[in-house]
Amino acid sequence: MGNKPTIAISHLGCEKNRIDSEHMLGLLAKAGYPVDNDEELADYVIVNTCSFIQAAREESVRTLVELAEANKKIIISGCMAQHFQDELLTELPEAVAIVGTGDYQKIVEIVERVETGERVKEVSTDPTFIADENLPRYRTTSEGVAYLRVAEGCDYRCAFCIIPHLRGDQRSRSIESIVAEARQLASQGVQELILISQITTNYGLDLYGEPKLAELLRALAEVDIPWIRVHYAYPTGLTPKVIEAIRESPNVLPYLDLPLQHSHPDILRGMNRPWQGRVNDGIIERIKQAIPNAVLRTTFIVGFPGETEEHFSHLLEFVKRHEFDHVGVFTFSAEEGTAAFGLPNPVPQAIMDERRERLMLTQQPISERKNQAYIGQTVDVLIEQENPETGELIGRSARFSPEVDGLVYVTGEAILGAIVQVRITAADTYDLYGEIV
């Protein structure tokens, strides 16, 4: 039969995409394929692409072109493969296979077909697959952290977003399946589980006929994992039931990631999120009252078509008023295939960039003040990296989610992947500094 080819994965895109990469790695390793993280040495490179906005596609294309120039056999998977399957096959003769977002579970069979000389296109038009705890998975995150997907796809049709078109409608896993995977991860020493889907507050709607996030959180509270973090909680889905489950489950962090996108009702209507305009202020106040120690993260889009200076000042005031812990700001990207593509009154890029800058400058002193409030306190920190030169440790407190929020720089001795107590001695806009107690 001969030796099996070596395979590397080049991963681009979000943590939902990362889980797909991890399943492909797990399946290939289980089937006996040598998996190498060095693309130079691999026979095949799977490029798991992102197609969310123009900038992400450009990065995906750059990676593909570099690998093609190095004469690599490329398997293209992920959102861009789903989005531009035929163009990619035409433009990149080096691409030996195209794999859709609902087809990565067939990766072993795809590689076998490619090995016989076939050029494979395996793309389900309407993705319906979602992996469960029985699909092999090889984690690529640091020891202490794992992402846990509770659902895939989305039923909303926000005007700026191409994702439902690329990942299909929402499909949730059962509570039992998610808890089973959480237990597996706990047994591997995972300290922090991050629950993700396109919209986690709608979890279970398709499966149970109503959202079941509260029930899921209570079930996960029984699993022996110190931190459970919920990403992408739409404010309308933070019902009293969900808030109570967060409050009463000691391992569910009071960390709420609210992808608000804007504050002005006109812009929210244009974004096809009309339900949000009525509720923003009230809901945020309700959350703060219900969970006084809540850490609030949010993301905004500036420069949506038709956004005036007045709409933008509304957003600035909103950010000042609510004092979020963490704010991410993106400039609008017009995506073909979405309702916002070709809308009148586009905002020039220079103005978008300038608004993004102003919004971030408005948020910075707020973030800094929030951080400085921790000086002198002792907090739990999950240690994730060690700087071999200085021996300095780097980790995160419960207030910080990986990749998007700040870090805690720590002096002292600790094991990677452990949660330790750290006394905070200094702070700046984004990060904290401290010593192990």
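Everything quoted here is computed from the prediction, not taken from an experiment.
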**Student:** What are the two closest non-hydrogen atoms of L220 and A182, and how far apart are they?
**Tutor:** CD2-CB, 3.6 Å
**Student:** Looking only at non-hydrogen atoms, find the nearest pair between P136 and L27 and report the distance.
**Tutor:**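 Looking at all heavy atoms of both residues, the shortest contact is CD-CD2, 3.7 Å.
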**Student:** Checking the side chain of S197 only, and the main-chain atoms of V150 only, is there a donor and an acceptor separated by less than 3.5 Å?
**Tutor:** no
**Student:** Show the numbers, then the answer: is there a salt bridge (Lys or Arg N to Asp or Glu O under 4.0 Å) between E22 and R139?
**Tutor:** CA-CA 6 Å; E22 294 182 344; R139 277 193 300 118; over 6 Å; no
**Student:** Looking only at heavy atoms, what is the nearest atom pair of L207 and S172, with distance?
**Tutor:** CD2-O, 3.7 Å
**Student:** Quick one, I199 and Y156 - any side-chain contact, counting heavy atoms below 4.5 Å?
**Tutor:** yes
**Student:** Are more than 12 heavy atoms from other residues, nucleotides or ligands located less than 6.0 Å from atom CD of E336?
**Tutor:** no
**Student:** If every non-hydrogen atom of D103 is compared with every non-hydrogen atom of S124, which pair is closest and at what distance?
**Tutor:**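 Here D103 and S124 meet closest at OD1-OG, 2.6 Å.
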**Student:** Rounded to the nearest 0.5 Å, what separation is found between the CD1 atom of I194 and the CD atom of E403?
**Tutor:**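 Between I194 CD1 and E403 CD, I get 9.0 Å after rounding to 0.5 Å.
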**Student:** Which label fits F332 and F304: parallel for a plane angle under 30°, tilted from 30 to 60°, or perpendicular past 60°?
**Tutor:** perpendicular
**Student:** Is the closest basic N to carboxylate O distance between R149 and E152 below 4.0 Å?
**Tutor:** yes
**Student:** Looking at I436 and E413, what are the two nearest heavy atoms and their distance?
**Tutor:** CD1-O, 3.3 Å
**Student:** What's the shortest heavy-atom distance between C158 and R273, and which atoms?
**Tutor:**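 Heavy-atom minimum between the residues: SG-NH1, 3.3 Å.
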**Student:** Verify, without hydrogens or angle tests, whether T6 (side chain) and D43 (backbone) share a donor-acceptor contact under 3.5 angstrom.
**Tutor:** no
**Student:** Evaluate the side-chain proximity of N17 to I19: yes if any heavy-atom separation is below 4.5 Å, no if none is.
**Tutor:** no
**Student:** Any salt bridge linking R113 with E109? Criterion: basic side-chain nitrogen under 4.0 Å from a carboxylate oxygen.
**Tutor:**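 Looking at R113 and E109, the cut-off is met.
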**Student:** Give a yes or no on whether I375 atom CD1 has more than 12 heavy-atom contacts from other residues, nucleotides or ligands under 6.0 Å away.
**Tutor:**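 Yes, the 6.0 Å shell around CD1 holds more than 12 heavy atoms from other groups.
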**Student:** T141 side chain to V145 main-chain N or O, any donor-acceptor pair under 3.5 Å?
**Tutor:** yes
**Student:** Sequence neighbours left out, cut at 3.5 Å: what donor-acceptor pairs do the side chains of residues 222-229 make with other protein atoms?
**Tutor:**
residue, atom, partner, partner atom, Å
R229, NE, E192, OE2, 2.6
R229, NH1, A398, O, 2.8
R229, NH2, E192, OE2, 2.9
R229, NH2, A398, O, 3.2
R229, NH2, F400, O, 3.0

**Student:** Examine distances only and state if a side-chain atom of T390 and a backbone atom of E392 form a donor-acceptor pair shorter than 3.5 Å.
**Tutor:** yes
**Student:** Rounded at 0.5 Å granularity, tell me how far SG in C50 sits from CG in L12.
**Tutor:**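 Between atom SG of C50 and atom CG of L12 there are 7.5 Å.
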**Student:** Do P5 and Y33 come within less than 4.5 Å of each other through their side chains, counting heavy atoms only?
**Tutor:** yes
**Student:** Spell out, as yes or no, whether a donor-acceptor pair under 3.5 Å connects the side chain of S249 to the backbone of A245.
**Tutor:**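 Yes; judged by distance alone, with no hydrogens or angles, the pair exists.
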**Student:** Parallel, tilted or perpendicular: which fits the ring planes of F324 and H322, with parallel below 30° and perpendicular above 60°?
**Tutor:** tilted
**Student:** Are H231 and L195 side-chain neighbours, meaning at least one heavy-atom pair lies under 4.5 Å?
**Tutor:** no
**Student:** Any salt bridge linking R396 with E384? Criterion: basic side-chain nitrogen under 4.0 Å from a carboxylate oxygen.
**Tutor:**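 Counted as a salt bridge, because a side-chain N and a carboxylate O are separated by less than 4.0 Å.
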**Student:** Supply the atom-to-atom distance T429 OG1 to M360 CE, rounded to the nearest 0.5 angstrom.
**Tutor:** 10.5 Å
**Student:** Evaluate the side-chain proximity of S397 to Y374: yes if any heavy-atom separation is below 4.5 Å, no if none is.
**Tutor:** no
**Student:** For the pair Y104 and H23, name the ring-plane relationship: parallel under 30°, tilted 30 to 60°, perpendicular over 60°.
**Tutor:** parallel
**Student:** Quick test of your reading of the model: are E323 and R369 salt-bridged, counting only N-O distances below 4.0 Å?
**Tutor:** yes
**Student:** Counting only heavy atoms from other residues, nucleotides and ligands, does the tally under 6.0 Å from CD of Q188 exceed 12?
**Tutor:** yes
**Student:** Is the shortest distance from a Lys or Arg side-chain nitrogen in R356 or D353 to a carboxylate oxygen in the other one below 4.0 Å?
**Tutor:** no
**Student:** Quick one: do D325 and R297 make a salt bridge, cutoff under 4.0 Å?
**Tutor:**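 No, this pair does not count.
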**Student:** Do the side chain of E94 and the main chain of L67 share a donor and acceptor less than 3.5 angstrom apart?
**Tutor:**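 The answer is no, because no donor-acceptor pair under 3.5 Å joins these two groups.
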**Student:** With a 4.5 Å cut-off on side-chain heavy atoms, are V379 and I424 touching?
**Tutor:**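 Side-chain contact under 4.5 Å: yes.
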**Student:** Main chain of F318, side chain of S263: is a donor-acceptor contact present, judged purely on distance under 3.5 Å?
**Tutor:** no
**Student:** Under 4.0 Å between a Lys/Arg side-chain N and an Asp/Glu carboxylate O for R218 and E248?
**Tutor:** yes
**Student:** Does any N or O in the side chain of T201 come within less than 3.5 Å of the main-chain N or O of G237, such that one atom is a donor and the other an acceptor?
**Tutor:** no
**Student:** Picking from T239, I246, V242, N202, what satisfies side chain to side chain contact (heavy atoms under 4.5 Å, CB included) with L213?
**Tutor:**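 When side chain to side chain contact (heavy atoms under 4.5 Å, CB included) is applied between L213 and each of T239, I246, V242, N202, only V242 qualifies.
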**Student:** Could you tell me whether R137 and E181 have a side-chain N and a carboxylate O separated by less than 4.0 Å?
**Tutor:**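 A salt bridge is present here (some side-chain N lies under 4.0 Å from a carboxylate O).
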**Student:** Ion pair present between D126 and R167, side-chain N to carboxylate O less than 4.0 angstrom?
**Tutor:** no
**Student:** Do S401 and Y255 make a side-chain contact, defined as non-hydrogen atoms from C-beta onward lying under 4.5 Å apart?
**Tutor:**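 In contact.
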**Student:** Using a strict 4.0 Å threshold on nitrogen-to-oxygen distance, state whether E335 and R57 make a salt bridge.
**Tutor:**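 Yes.
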**Student:** Quick one: does any side-chain atom of D155 pair with a main-chain N or O of Q170 as donor and acceptor, under 3.5 Å?
**Tutor:**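 It does hold such a pair.
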**Student:** Counting only heavy atoms from other residues, nucleotides and ligands, does the tally under 6.0 Å from CZ of F129 exceed 12?
**Tutor:** yes
**Student:** With distance as the sole test, does Q198 use its side chain to make a donor-acceptor pair with the main-chain N or O of G153 at under 3.5 Å?
**Tutor:** yes
**Student:** With side chain to side chain contact (heavy atoms under 4.5 Å, CB included) as the test, pick out the partner of I383 among I415, V408, I419, L393.
**Tutor:** L393
**Student:** Would you mind reporting whether L253 and V295 have side-chain heavy atoms less than 4.5 Å apart?
**Tutor:**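 Sidechains of L253 and V295: no contact.
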